[in-house]
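All remarks here apply to the structure that follows.
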Amino acid sequence: MKVDVLLGLQWGDEGKGKVVDVLTPSYDIIARFQGGPNAGHTLEFEGIKHVLHTVPSGIFRPEALNVIGNGVVIDPIVFAGELDKLTPFNIDLKSRLLISKKAHLILPSHRLLDAASEQAKGLKKIGSTLKGIGPTYMDKTGRNGLRVGDLFSPKFQAKYEELKEKHLNLLNHYEGFTYDLTVMEAEWFKQIERLKALTCIESDHYLNHALKNKQRILAEGAQGTMLDIDFGTYPFVTSSNTVTAGTCTGLGVPPSAIGKVIGIFKAYCTRVGSGPFPSELDNETGELMRKEGNEFGATTGRPRRCGWLDLVQLKYAIMINGVTELCMMKADVLGIFDHIMICEAYEINGETITEFPYDVSDLEIKPILTSMEGWKTDLTQLTSYDDAPEALKTYVNYLETQLEVPIRMVSVGPDRAQTLLK
Ligand code: GDP
Ligand code: IMO
Ligand code: MG
């Protein structure tokens, strides 16, 4: 069997949680491969809205197992909060949620370092979610990190103290940054016991055995391609590989095991946090989009910046990920516009550019836009793509021609049921 991959093609929040939940009945295992509590994946069904941060989005479907892979970073405090919110659903977490012993732990002092670093950057800040993501991945690559498996070692306390001491020394270099670690630390030590009580496994072996045993695996990405540490709009990115290649390193599955790559994009574009956004609408139209799409961060509540769909960016993301099929999300939100714009190219220093440039963070970019007719219809009650308005079909067909990848799903509302298959 193969591992199918589902990931975001823009700056995150494309609707990955919803689509994973919709697709889970076709899989045996849902596995997160990177990121951590910076993610906020929203699912809606039967009138319930649920936001997940670390737990994979297959958790509400009783037939699937959920794995938190080695590439994920876990904050025991955030994680315990998620477990609490799952309590009313009576899910047997001990058997349905498996955690890699190789996943790294976010310490309270990682969160402090994240905050200190952002404060020191001032206007140049990344707009981090302040969950400690950057410092934790820095300790991972710097070979100082603590992993879930370490929790079971008699030397754990000593290892923790050693790393904390390093962090406190670093914090001394941030002038004017004050903190009190005691409350956070007490809570952290309380909550690691909840993590230890779950099933911690050698997830690389587990997943490869599962593949041999013909189990169907869906890898769930977090963030989006433009936030990838290598291919995103550096330095305004997160600290992990959010692209298809991240599945291999984040789960321990070989490249030859990758099957379908399902790329998700909004019918427009959003970004939360700082950094370049060539098709951004910093005006009334953008505000209208934010209001209609309820574009506020699922993790931080911050307003998301909005703009038109950007084909230069999207084609780049499809290329890097090897996308084999697409899901277009939030088509309903564009139902308010007479005309819908699509960014086809960038004008940079008087030149027309169609390949996403290296130095996008430093360039003055003018988006070159094409106008398409809007559908001006409420799509949220649609149950079949065949009944969709012609203008929407024209939009979808146009994108398929431009992107050279089929759009298999069009989403017309946040609920599980508001999903049109093509
Ligand atoms: P993720 O991080 O990619 O899982 O996405 P988020 O959950 O952060 O943000 C997507 C938001 O859009 C959530 O509030 C979803 O409930 C919502 N959503 C998903 N699909 C649709 C859709 O087709 N239409 C509308 N109106 N909302 C959607
Ligand atoms: P999901 O999985 C949208 C953004 C932050 C910031 C940058 C770095 O819900 O799509 P970090 O905390 O990772 O150091 O922040 O990345 N960011 C996200 N934006 N969706 C996310 O996740 C994000 N995770 C991080 O806003 O700009
Ligand atoms: Mg999100």
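Here the structure is a predicted model, which is why all the values come from computation and not from measurement. Starting from 1, each residue takes its place in the sequence as its number. Counting starts at 1 for both ligands and their atoms, in listed order.
Of all atoms in ligand 1, listed by their number and element, those nearer than 4.0 Å to a heavy atom of Gly17 are 4 (O). Of all atoms in ligand 2, listed by their number and element, those nearer than 4.0 Å to a heavy atom of Val272 are 3 (C), 5 (C), 19 (N), 26 (O), 27 (O). Per-residue contacts place Lys16 under 4.0 angstrom from the following atoms of ligand 2 (heavy atoms of the residue considered): 1 (P), 2 (O), 10 (O). The contact set between ligand 2 and Arg302, taken as ligand atoms under 4.0 Å from a residue heavy atom, comprises 5 (C), 26 (O). Of all the atoms in ligand 2, the ones that sit under 4.0 Å from a non-hydrogen atom of Ala222 are 2 (O). Per-residue contacts place Glu44 under 4.0 angstrom from the following atoms of ligand 1 (heavy atoms of the residue considered): 16 (O). The ligand atoms of ligand 2 that sit less than 4.0 angstrom from a heavy atom of Trp11 are 3 (C), 19 (N). Ligand 1 places these atoms under 4.0 Å from at least one heavy atom of Ser411: 20 (N), 21 (C), 22 (C), 23 (O). Interface atoms of ligand 1 facing Lys18, defined by a heavy-atom separation under 4.0 Å, are 20 (N). The contact set between ligand 2 and Gly273, taken as ligand atoms under 4.0 Å from a residue heavy atom, comprises 27 (O). Distances below 4.0 Å separate heavy atoms of Met329 from the following atoms of ligand 1: 20 (N). Each of the atoms 6 (C), 8 (C), 27 (O) of ligand 2 lies under 4.0 Å from some heavy atom of Ile126. Ligand-side atoms of ligand 1 in range of His41: 1 (P), 2 (O), 4 (O), 7 (O), range being under 4.0 angstrom from any heavy atom. Listed by number with element, the atoms of ligand 1 under 4.0 angstrom from any heavy atom of Ala298 are 8 (O). Interface of Ala39 with ligand 2, defined as ligand atoms under 4.0 Å from a residue heavy atom, comprises 1 (P), 2 (O), 9 (O), 22 (O). Remark: ligand 1 atoms within the under-4.0 Å shell around heavy atoms of Val333 are 26 (N).
The heavy atom nearest to atom 14 (O) of ligand 2, considering only Ser128, Gly12, Ser274, Ser117, is found in Ser128. Distances from atom 5 (C) of ligand 2 to the heavy atoms of Gly221, Gly127, Ser239 show the closest one on Gly127. Evaluated by nearest non-hydrogen atom to atom 8 (C) of ligand 2, the leading choice among Leu52, Thr42, Val237, Thr270 is Val237. When the heavy atoms of Thr136, Val73, Asp13, Thr238 are ranked by distance to atom 21 (C) of ligand 2, first place goes to Asp13.
The shortest heavy-atom distance from Arg304 to ligand 1 is under 4.0 Å. By the 4.0 Å heavy-atom criterion, Arg271 is excluded from the residues contacting ligand 2. Not a single heavy atom of Gly8 sits closer than 4.0 Å to an atom of ligand 1. A heavy-atom separation below 4.0 Å is not found between Gly12 and ligand 1. Ligand 2 has no atom lying under 4.0 Å from any heavy atom of Arg304. Residue-ligand proximity: Thr299 is placed with every non-hydrogen atom at 4.0 Å or more from ligand 2.
The nearest heavy-atom contact from the protein to atom 24 (N) of ligand 1 is Asp332 OD1, 2.8 Å. The shortest contact between atom 12 (O) of ligand 1 and any protein heavy atom is with Lys330 NZ, 3.0 Å. Atom 12 (O) of ligand 2 has its closest protein heavy atom at Thr129 OG1, 2.6 Å. Scanning the protein for heavy atoms near atom 17 (N) of ligand 2, the closest one is Leu227 CD1, 3.7 Å. What sits closest to atom 6 (P) of ligand 1 on the protein, heavy atoms only, is Gly40 O, 3.5 Å. Ranking protein heavy atoms by distance to atom 22 (O) of ligand 2, first place goes to Gln223 NE2, 3.4 Å. Among all protein heavy atoms, the one lying closest to atom 10 (C) of ligand 1 is Asp13 O, 3.6 Å. Ranking protein heavy atoms by distance to atom 9 (O) of ligand 2, first place goes to Gly40 N, 2.9 Å.
In this structure, Met409 and Leu23 have side chains that are in contact, with non-hydrogen atoms separated by less than 4.5 Å. Looking at heavy atoms from C-beta onward, Pro303 lies out of side-chain contact with Glu295 at the 4.5 angstrom threshold. A heavy-atom distance below 4.5 Å is not found between the side chains of Val148 and Asn70. At a threshold of 4.5 Å between non-hydrogen side-chain atoms, the residues Asn208 and Pro254 count as touching. Contact annotation: the side chain of Leu379 approaches that of Pro389 to within less than 4.5 Å [non-hydrogen atoms, C-beta and beyond]. Counting heavy atoms from C-beta on, the side chains of Thr242 and Gln34 come closer than 4.5 Å.
Checking Thr394 against Glu373 by side-chain atom types alone, no donor-acceptor pair falls below 3.5 Å. Glu220 and Ser57 form a side-chain donor-acceptor contact under 3.5 Å, judged by distance and modelled atom types alone. Side-chain contact of Thr225 with Asn321: a donor-acceptor pair under 3.5 Å is present, judged by distance alone. At a cut-off of 3.5 Å, with distance as the only test, a side-chain donor of Asn38 or Thr238 sits close to an acceptor on the other residue. In the model, Tyr160 has no side-chain atom that pairs as donor or acceptor with a side-chain atom of Asp150 under 3.5 Å.
The distance cut-off of 2.8 Å around the Mg ion (ligand 3) captures these protein N, O or S atoms, sorted by chain and number: Asp13 OD1, Gly40 O.
Shown here are the salt bridge (Lys or Arg N to Asp or Glu O under 4.0 Å) partners of Arg302, two or more places apart in sequence or in another chain: there are none. Glu185 is linked by a salt bridge (Lys or Arg N to Asp or Glu O under 4.0 Å) to Lys164, counting only residues two or more places apart in sequence or in another chain.
Contacts with ligand 2 closer than 4.0 Å are made by no heavy atom of Lys131, backbone or side chain. Neither the backbone nor the side chain of Phe236 comes within contact range of ligand 2; no heavy atom lies under 4.0 Å. With a 4.0 Å cut-off on non-hydrogen atoms, Thr42 touches ligand 1 through its backbone as well as its side chain.
Applying the side-chain hydrogen bond (donor to acceptor under 3.5 Å, both in side chains) test to pairs two or more places apart or on separate chains, those with a residue in residues 129-140 are His110-Thr136, His110-Asp139, Asp139-His167.
Trp11 and Phe277 have tilted rings, their planes meeting at an angle from 30° to 60° on a 0 to 90° scale.
Ser117 contributes atom OG, which lies 4.5 Å from atom OH of Tyr174 (distance to the nearest 0.5 angstrom).
Inclusion of Gly15 in the set of residues having an N or O under 3.5 Å from an N or O of ligand 1 is warranted. The shortest N/O to N/O separation between Glu14 and ligand 2 does not fall below 3.5 Å.
For the salt bridge (charged side-chain N to carboxylate O under 4.0 Å, His left out) test with Glu280, the passing option among Arg305, Arg304, Lys366 is Arg305; the others fail.
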Before you tell me yes or no, could you show the steps for Arg61 and Glu63 under salt bridge (Lys or Arg N to Asp or Glu O under 4.0 Å), namely the whole-Å CA-CA distance, both residues' side-chain angles and the distance that decides it to 0.1 Å?
CA-CA 6 Å; Arg61 301 279 200 175; Glu63 51 298 324; 5.1 Å; no

